[in-house]
Amino acid sequence: MTTSHVIHSLVAAAAQWLAPHSPWRARAVAADTGFSPAMVEEIIRRTFAPLTVAAFEQLLAREAGGRQELRGPKLIAHFLAGNIPAPAINSICFGLLLQSHNVVKLSGRDRVFPALFVESLRAVDAALAAHVELQDWRRDDRTAARALLARADAVIVYGTDETVATLRQLARPDATFLGYGHKLSFGIVGGGWPADLAVSAAEDVCVYDQHGCMSPHVFYVGERAREFAARLAAAMAEYQQRIPLGRLSLEAAAAIARLRGAYEFRAAFDPTVAVWSGPGHVVIFEQDTTFATSCLNRVVFVKPSGQIAEIAAAVRPWAGRISTIGLWPLDGRADALGAHRVCAIGQMQRPQLWEPHDGQPNLAALLR
Amino acid sequence: MNKTVDQLTSEILALIARGPLASSSDAEFDALARAIFLFQYAHNAPYRAYCDRLQRPVHHWRDIPAVPTSAFKDFTLTCFPPAQAVAEFHTSGTTRAQCGKHYFATLALYDASCRPNFFAHLFPDQPLPIWSLVPPSPHSSLAHMITAIGGSFVPQLEAVHTPVCIVATAFHLVKLFDQGFRLPLPAGSRVMETGGYKGRSREIPKRELYHLITERLGVPPTHIVNEYGMTELSTQFYDETMLIGRPSDLKRVPPWARVLIIDPQTSQEAPPGQPGLIRIVDLANLGSVVCVQTDDLGVARPGGFEILGRAPGAEVRGCSLVAE
């Protein structure tokens, strides 16, 4: 199978998802993903629209050094985590581009998208889809993990640092190992920000219900930070009308209630704190610039700071774990903060297919 | 007409004197709770600011604004000058600068409520010596409670020939058992264990701990009682196990308190049987705030409530890093 053939089949499968009356889209929307139907539609657009011939060719140009025909490891084991479909589906696509056999251990949090994608691929190109095998087992099943790792010439792991470390130890010493641990992201807004920037920021926060490694926990705003917080809250409320927050577990809802409750009490007596909240959004303004991690599900902090040095000090405890910085205006001032990716606000959750993930090239280490 | 602290204290003591297993009608509880609320609104500045912000009229005790336990860390929540405090209890597990602080102008209500409550639930048959594995500490409400009920601190459990009541934190018991500790206690001995729900991450599940207590201390599950209490409250809640002669997770509520289960999504009371966040109205908390919103999950049951452990696998786990 030529690389060009693989690309065209993958793109054809992706196009099926974006077509009007797509049965794949319908099934995903109806499935129990935990996301609202409108969010599932949004996720499908963001996952499959980037899968174009041009994007794949860019990827090859950047990572395969002009090679037209790719070869990779005989068998790649993919360990998926979380509920963001794009990294999972991209991982499968990369494995197929490499002509490898791909055994994919599904994430406990998403049994829907990878399975449906493989089915859609089978409908377009059964011979290609035969190179993907999906497996599912409990995360603590070491026997199953060991069995798969014994066969794997390359291992790609998404998960907590603990999971990555454990699987790295269990993988064959001669296997290529790519680990993607959990990361966090945040935004930096300079002075003179335009009114509609809050709308872009709201999108960065709300999409995927903030579950992704590129979802911002905090926005550091150099000027009129409290006003930015108010606008962000309004924009998130509007987003909720279009694309509602998904189903919350009791623990997730309790985590939000605890955080919101604590800050609401403080705000009554402490003028350096303010809270805006409603269904599907909590924005906390806090003068204290210490980095605050969100409990996710559309809970975001806004803190006043325009000094890169001050922000750098605040994020130092997270060194090496910063995925994406959304930056306005977009210039080089955040480059020294050690994020894997710096991009425009509004684009935080739209990495290009050919961009390295967590600073690691997607194919290069796997090319044979 | 606003009541004075002395009038309120006397009314609360009268309710406590009824006994922990007695009941109070909604009307009488409501009247006293709202009187205490008015007193606290008048004398507790941060609480007043919060109530003013909410602008919600209080027509019934269920309307009394709840204070999150975190507020005890950020504010001095007293109805009296804190310099006049006779006791200052701190939440554990955090640095002194960041711990919650509960100040008491008097421990009269605390002591009046805790002793009969403990005795009712742990000694329905006969009182026993109380041996505590909790080190004395001036800022520990648990240590004070143990003193108030007549307990003695024992740094190390040693063999004994007559039944005793052991009081310990779940955390301490787990540590002890991890070290291989084993000391069968005489029949009739019982164990009161507490904590383990605080940080929302229990060391080991309750059933497993109780199995270990039985195995290592020889105390059967019918004689193991969990106590639910916290620095921010004056009143404790116990499993009804020894009252009914069989293991039970149901905790009864004494007549001077009420427990509400709050749906975290709506902030309203959850329908009976649906889990939510535990909110407590504790009339003995006269000097601070009468209505406390805890961070713990529970469910209302006929006759009381149950604490819930953390639901397994329920945490949000996208690929976004969330600090515990």
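Chain naming here is simple, since letters A, B, ... match the order of the sequence lines and numbering starts at 1 in each.
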**Prompt:** Does a donor on one side chain sit under 3.5 Å from an acceptor on the other, for A:His211 and A:Asn297?
**Reply:** yes
**Message:** Need one label for B:Thr69: side chain, backbone, both or neither, based on atoms under 4.5 Å from any heavy atom in chain A.
**Reply:** neither
**Message:** I'd like to verify something: which residue of A:Pro279, A:Gly159, A:Ser107, A:Ala267 has the highest number of heavy-atom pairs under 4.5 Å with chain B?
**Reply:** A:Ala267
**Message:** Need one label for A:Tyr158: side chain, backbone, both or neither, based on atoms under 4.5 Å from any heavy atom in chain B.
**Reply:** neither
**Message:** Checking B:Glu193 against B:Tyr210: is there a side-chain donor and acceptor pair closer than 3.5 Å?
**Reply:** yes
**Request:** Give the minimum heavy-atom separation between A:Thr324 and A:Cys343, together with the two atoms involved.
**Result:** CG2-SG, 3.8 Å
**Fill in**
Interatomic distance, CG@B:Leu260 vs SG@B:Cys291, rounded to 0.5 Å, equals 7.0 Å
**chain A contact via B:Phe75 - which portion, at a heavy-atom distance below 4.5 Å** = side chain
